[in-house]
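Lettering follows sequence order; numbering is per chain, from 1. Small disclaimer: the values here were computed from a predicted structure and weren't measured.
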Protein chains: 2
Amino acid sequence: MAQARTPRGKWIEEGLRALAAGGPDAVRVEPLAQSLGVSKGGFYWHFGDRETLLGELLDAWERDVTEQVIERVESEGGDARERLRRLPEAIVPKVTTDIRTDLAIREWARRDERVAERLRRVDTRRMDYLRSLFAAFCADDDEAEARAMTAFSVWLGGHLIAADHHGRAPEEVRELVWQRLLR
Amino acid sequence: MAQARTPRGKWIEEGLRALAAGGPDAVRVEPLAQSLGVSKGGFYWHFGDRETLLGELLDAWERDVTEQVIERVESEGGDARERLRRLPEAIVPKVTTDIRTDLAIREWARRDERVAERLRRVDTRRMDYLRSLFAAFCADDDEAEARAMTAFSVWLGGHLIAADHHGRAPEEVRELVWQRLLR
DNA sequence: TGTCATCCATACACCAGCGTATGGAAGCGA
DNA sequence: TCGCTTCCATACGCTGGTGTATGGATGACA
């Protein structure tokens with residue numbers, strides 16, 4: 001076997017980078033090849049076509065983005081509040097777990113039903129986990145549901161909403177909400 | 001003056017539709033012309049180039065999306081809680097106020113600084129209005145800020161998060177959060 | 001009725017990107 | 001050293017889009 005100069009994984013990694021930066025439309029074979037310093041010849045040996053790569057990007061994302069984070073939080077123990085407090089930091093910076101990848105896929109899901117289905121699986125898994133943590137100290141199911149939804153929304157909103165908070169930093173605002181959720 | 005068969009406004013309207021459905025990359029001159037049942041000849045008479053249209057789409061959105069909603073809520077009176085309760089329904093269904101336009105522009109802003117600046121203006125205006133309403137019955141500034149951010153985030157999140165709520169409809173969950181925000 | 005502003009059709013040059021075909025090059029194992 | 005697998009370069013045809021040029025068509029108004 002000869003050495004793989006630009007193996008599958010390299011293409012996927014570069015593809016995820018492009019996806020995070022510019023959405024699925026920015027994942028183009030020839031620019032990807034250029035970024036990697038090779039021609040597109042090798043790409044079509046690995047993948048056949050562009051669609052195949054896009055599918056594998058989603059596979060990689062779906063694999064990394066939930067279980068890895070949850071396992072990380074769970075492995076360090078503590079009660080529900082402590083685990084929730086650790087959640088935001090448990091998202092290790094990787095190409096797949098980049099929030100921008102999340103946002104790009106979320107937008108993509110709006111126009112592609114197969115992407116929407118994957119997102120549904122991932123979001124359901126995340127909400128289930130959040131709900132289970134809040135349920136540990138909330139009076140009833142409604143309260144846990146409301147707090148889980150709020151936590152998820154504010155996590156996303158913090159990266160999407162561009163408002164000026166007049167003196168407060170975005171992280172301070174997130175912290176204000178977070179404190180109230182953990183009461 | 002001869003009759004405008006396909007005047008500026010028609011192109012903008014169709015452009016907003018395409019933007020809402022598929023993001024800025026989906027706003028293409030030739031498909032737009034086809035949707036309108038004409039050739040692209042007239043387009044370049046009106047706009048010069050594609051960039052100009054994209055700019056005008058943003059103009060139209062920025063103009064309609066904040067003041068019109070706020071004026072509508074304000075015109076009907078009531079105390080702060082009543083106004084907040086009416087807010088979701090005050091968003092009249094138009095091409096510019098379509099939530100999908102909002103989401104598309106939000107994604108677009110991530111890769112175009114000029115778009116980001118417009119979004120910053122719009123979001124700041126919205127947050128200012130929300131904050132002012134919550135401040136009417138909240139104990140302190142921190143509380144109002146936290147609730148405004150939560151309201152905004154959950155409004156967006158409700159359209160972005162694809163999780164299955166196990167029996168609850170998405171609107172029920174939103175309502176659970178909303179009730180708590182108005183306490 | 002003629003003129004002018006407004007809008008549209010058509011044809012064209014051009015470019016970016018997809019996918020294909022083909023001929024290597026480079027290293028590993030026998 | 002030979003052959004095989006793995007990867008890359010290059011050239012090509014094709015599609016779908018941008019923007020330009022030009023010659024109408026159509027209707028309001030004088």
Side-chain angles (χ1 to χ4, degrees), chain A residues 1-60 95 104-105 107-108 110-112 114-115, chain B residues 1-60 95 104-105 107-108 110-112 114-115:
Chain A
M1 281 217 279
Q3 266 294 16
R5 280 169 285 175
T6 314
R8 280 184 92 80
K10 283 270 186 187
W11 289 100
I12 293 179
E13 198 181 315
E14 199 62 34
L16 283 166
R17 228 186 302 279
L19 176 62
D25 290 337
V27 182
R28 324 229 86 124
V29 179
E30 297 195 5
L32 244 51
Q34 199 167 4
S35 300
L36 292 167
V38 295
S39 79
K40 63 183 171 169
F43 176 87
Y44 286 99
W45 188 86
H46 280 301
F47 295 96
D49 64 3
R50 183 172 162 271
E51 278 305 302
T52 307
L53 172 66
L54 287 173
E56 302 214 11
L57 297 187
L58 289 170
D59 287 342
V95 209
I105 290 176
E107 181 69 14
W108 187 7
R110 290 182 39 228
R111 18 183 170 146
D112 187 323
R114 291 168 317 170
V115 179
Chain B
M1 281 217 279
Q3 266 293 16
R5 281 168 286 175
T6 313
R8 279 184 93 79
K10 283 269 186 188
W11 289 100
I12 293 179
E13 198 181 316
E14 198 63 35
L16 283 166
R17 229 187 301 279
L19 177 62
D25 290 338
V27 182
R28 325 229 84 125
V29 179
E30 295 196 5
L32 244 51
Q34 198 167 4
S35 300
L36 291 168
V38 295
S39 80
K40 64 183 171 167
F43 175 87
Y44 285 99
W45 188 86
H46 279 301
F47 295 96
D49 65 2
R50 184 171 162 271
E51 279 305 303
T52 307
L53 173 66
L54 288 174
E56 301 215 11
L57 296 186
L58 289 170
D59 288 341
V95 210
I105 290 176
E107 181 70 13
W108 188 6
R110 289 182 40 229
R111 21 187 167 141
D112 188 322
R114 291 168 317 168
V115 180

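- Of the candidate nucleotides D/dC8, D/dC7, C/dC18, D/dC7 has the atom lying nearest to any side-chain atom of A/H46.
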Would you tabulate the side-chain donor-acceptor contacts of residues 9-23 of chain A under 3.5 Å, counting partners in other chains and residues two or more places apart, or write 'none'?
residue : atom : partner : partner atom : Å
A/W11   : NE1  : A/T6    : O            : 3.4
A/E13   : OE2  : A/R17   : NH2          : 3.2

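- Only A/V38, A/S39, listed by number, bring a heavy atom of residues 20-39 of chain A to less than 4.0 angstrom from any atom of DNA chain D.
- Between B/K40 and A/W45, the residue whose closest nucleotide on DNA chain D is further toward the 5' end is A/W45.
- Taking every side-chain heavy atom of A/T6 into account, D/dC8 is the closest of D/dG19, D/dC8, C/dG19.
- Residue whose closest nucleotide on DNA chain C sits further toward the 5' end, between A/F43 and B/W11: B/W11.
- With sequence neighbours left out, the side chain to side chain donor-acceptor pair (under 3.5 Å) criterion links A/R8 to A/E56.
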In residues 47-54 of chain B, what donor-acceptor pairs under 3.5 Å come from side-chain atoms, sequence neighbours left out?
residue : atom : partner : partner atom : Å
B/D49   : OD1  : B/T52   : N            : 3.1
B/D49   : OD1  : B/T52   : OG1          : 2.6
B/R50   : NE   : B/V27   : O            : 2.7
B/R50   : NH2  : B/P24   : O            : 3.2
B/R50   : NH2  : B/V27   : O            : 3.4
B/T52   : OG1  : B/F47   : O            : 3.2

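- Between A/L54 atom CG and C/dG17 atom P there is a gap of 15 Å when expressed in whole angstrom units.
- Taking A/D25 as the reference, nothing meets the side chain to side chain donor-acceptor pair (under 3.5 Å) condition, with sequence neighbours excluded.
- Remark: B/Q34 CD to B/S39 OG distance equals 11.0 Å, nearest 0.5 Å.
- Following rounding to the nearest Å, A/Y44 (OH) and C/dG19 (C1') show an atom-to-atom distance of 5 Å.
- Every residue meeting the side chain to side chain donor-acceptor pair (under 3.5 Å) condition with A/R110, not counting sequence neighbours, appears here in chain and number order: A/E107.
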